[in-house]
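Not measured: the values here are computed from a predicted model. Computed over heavy atoms, backbone and side chain alike; hydrogens, waters and symmetry mates excluded.
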Amino acid sequence: MNRMRAGCLVVAMCAIPAVASAGKAASKTLARGELPAGFAVGTASPSLALQVEIVDGKVTASAPAGGEPGNLRAARSGDAAQTTLMVSSTLPVAIKFDLYVSMDGEQFTYASSCGVTPGISSFEMWEQPVKHFALGNPRVLPAGRMACD
């Protein structure tokens with residue numbers, strides 16, 4: 001994981017391999033209706049968000065933010081050749097989440113993702129056009145553990 005300093009903002013960048021490479025089996029794939037309850041699903045343009053509640057260092061509730069900004073957000077950018085998803089959080093603790101990506105909005109494949117710490121945005125990138133995302137299952141990361149899986 002590379003870190004770049006820009007003033008007070010540190011940006012974590014994680015390059016993610018293509019969803020399914022030729023000759024390799026895709027990761028866990030779910031139909032849209034099989035996605036777990038509580039996932040925010042959409043194009044992430046302008047954004048996709050969860051409202052996460054934390055009590056005593058643990059996630060106690062999480063739900064799609066709907067029309068509200070939410071405190072765990074993902075925003076898509078890119079073109080026909082590449083997709084970037086910027087994930088940010090206003091939570092006071094480092095948070096990890098599950099991320100699924102889809103080319104057609106019907107079949108979603110699990111994608112590795114990096115946790116997000118306060119004041120840091122995570123950028124997930126694919127060398128292909130990703131059209132839909134599913135974001136959910138947030139959990140607090142233990143202090144000092146910042147894995148991308």
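Judged as a side chain to side chain donor-acceptor pair (under 3.5 Å), the pairs with a partner in residues 74-83 (not counting sequence neighbours) are, in order, Q82-E127. Among residue pairs with one or both ends in residues 50-69, none qualify as ring pair (Phe, Tyr, Trp, His ring centres under 6.0 Å); sequence neighbours excluded.
For the side chain to side chain contact (heavy atoms under 4.5 Å, CB included) test, residues two or more places apart in sequence or in another chain that qualify with P142 are R145. Checked against side chain to side chain donor-acceptor pair (under 3.5 Å), D98 has the following partners two or more places apart in sequence or in another chain: N137, R139. By the side chain to side chain contact (heavy atoms under 4.5 Å, CB included) test, R73 is found to be paired with A49, S88, T90, residues two or more places apart in sequence or in another chain being considered. Scanning for salt bridge (Lys or Arg N to Asp or Glu O under 4.0 Å) contacts around R32 gives an empty result, with sequence neighbours left out. Here A80 pairs with nothing under the side chain to side chain contact (heavy atoms under 4.5 Å, CB included) rule; sequence neighbours left out. Residues forming a ring-ring contact (aromatic ring centres under 6.0 Å, His included) with F108 (at least two apart in sequence, or on another chain): none.
The OH atom of Y110 sits 6.0 Å away from atom CG of D149, with the distance rounded to the nearest 0.5 Å. To the nearest 0.5 Å, atom CG of residue L135 and atom CG of residue L35 are 11.5 Å apart. For the atom pair S47 OG and F133 CZ, the distance stands at 12.0 Å (nearest 0.5 Å). With rounding to the nearest 0.5 Å, the separation of CG in N71 from CG in L91 is 4.0 Å. Here the CD atom belonging to Q107 is positioned 7.5 Å from the CD atom belonging to E34, to the nearest 0.5 angstrom.
Between A74 and A44 the shortest heavy-atom distance is O-CB, 3.8 Å. When every heavy atom of S122 is checked against every heavy atom of G115, the shortest pair comes out as CB-O, 4.2 Å. In plain terms, the two heavy atoms of P138 and I95 that are nearest each other are CB-CG1, 4.0 Å. Across all non-hydrogen atoms, the minimal contact from S89 to L72 is CB-CD1, 4.1 Å.
Within the 4.5 Å cutoff, the side chain of P36 has heavy atoms near those of the L30 side chain. Residues F97 and V116 have side chains in contact (heavy-atom distance under 4.5 Å, counting atoms from C-beta outward).
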Original post:
Can V101 and L85 be said to form a side chain to side chain contact (heavy atoms under 4.5 Å, CB included), step by step?
Top reply: CA-CA 10 Å; V101 298; L85 187 70; over 6 Å; no
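Between the side chain of K96 and the backbone N or O of S113 there is at least one donor-acceptor pair closer than 3.5 Å.
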For residues 56-70, tabulate all N or O donor-acceptor pairs below 3.5 Å that involve a side-chain atom, not counting sequence neighbours.
{"unit_1": "T60", "atom_1": "OG1", "unit_2": "E53", "atom_2": "O", "d": "3.4"}

